[in-house]
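Lettering of chains follows the sequences in order, A, B, ..., and the numbering in each one begins at 1. Since this is a predicted model, take the numbers as computed values, not measurements.
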Amino acid sequence: IELQKKLREFFPKI
Amino acid sequence: MFEAKLQQGVIFKKIVDAIKDLVKSVNIDASTSGLSMQAMDSAHVALVSLKLNENGFKDYRCDRPITLGLSIENLSKILKCAGNDDTITLQTDEEEPSSLKFFFENQQASKISEFSLNLMSLDSESLGIPDTDYSSVIQMSSAEFSRICKELSSISETVEIETSKESVKFSVQGDIGAGSITVKNNQSDKDVDRVDLQIDQPVKLTFALRYLNMFNKAVSLSSTVSLNMSEENPLMVEYKIDDLGSLRFYLAPKISD
């Protein structure tokens with residue numbers, strides 16, 4: 001199955 | 001003092017319509033260079049980023065940077081009162097405004113509406129989006145991409161997008177069966193048929209179609225859309241807004257476990 005990733009795994013919080 | 005007058009107020013109406021299913025409340029940051037806004041959906045899977053340049057406005061003045069916290073639902077209610085041919089002016093002369101004024105004027109300036117929207121203080125949870133040199137970029141008709149997403153979402157919630165030098169393939173697999181739509185490079189002079197592929201590196205990424213279908217509510221802003229992808233990266237879907245700026249959507253991929 002495909003797991004939906006979250007954006008913060010790719011973009012750092014500022 | 002902040003004032004921004006948009007000649008084609010309908011653009012502002014379309015932007016709000018395009019994002020109202022995705023985000024509930026947003027901070028619009030006004031500065032001397034223009035308006036910008038970044039907001040994520042509640043699941044933090046998708047993000048919308050709006051940039052409107054000051055030179056795209058009929059009048060624009062922003063003495064010092066301010067942040068305008070808006071409820072999209074309430075903003076929608078106010079914008080419903082603007083005609084499609086009206087100019088729309090946003091205005092506040094407070095430094096820490098508690099409300100934002102809206103003026104809608106028809107072409108003959110014979111009907112002028114004035115509204116004041118109470119502002120919210122929202123904690124800004126901004127993400128730093130790096131400027132990415134995407135390895136696969138697809139420019140195509142926004143109506144066509146919207147149609148592909150709608151059609152495929154009747155078969156599965158998830159679409160796999162695979163690029164190669166000469167084509168892009170959208171594939172789905174569901175309980176009822178499977179399907180794929182392959183679109184090739186096409187330099188047609190008809191907008192709806194033209195497809196431009198710039199593939200430096202082929203990619204194969206998987207995304208949830210329900211978010212793509214929400215992004216496609218922005219089709220009325222631009223007849224073309226660009227899909228920007230790199231392996232292991234969120235998809236960036238961009239609608240350029242003529243002479244004004246752009247509305248970008250980012251979507252985190254689904255990774256097969």
- prompt: For B:Glu157, does the CD atom sit with more than 12 other heavy atoms under 6.0 Å from it, leaving out its own atoms?
  reply: no
message: Shorter than 4.5 Å, heavy atoms on both sides: which option in A:Lys13, A:Glu2, A:Arg8 has the most such pairs with chain B?
response: A:Glu2
- prompt: Non-hydrogen atoms of chain A under 4.5 Å away: do they reach the side chain of B:Ala46, the backbone, both or neither?
  reply: backbone
message: If I measure from the heavy atoms of chain A, does B:Ser126 come under 4.5 Å with its side chain, its backbone, both, or neither?
response: both
- prompt: Looking at B:Phe249 versus B:Tyr211, is the centre-to-centre ring distance below 6.0 Å?
  reply: no
message: Under a 3.5 Å threshold, yes or no: a donor from one side chain and an acceptor from the other, between B:Asn216 and B:Tyr239?
response: yes
- prompt: Quick one: does B:Lys165's side chain have a donor or acceptor within less than 3.5 Å of a partner on B:Ile199's backbone?
  reply: yes
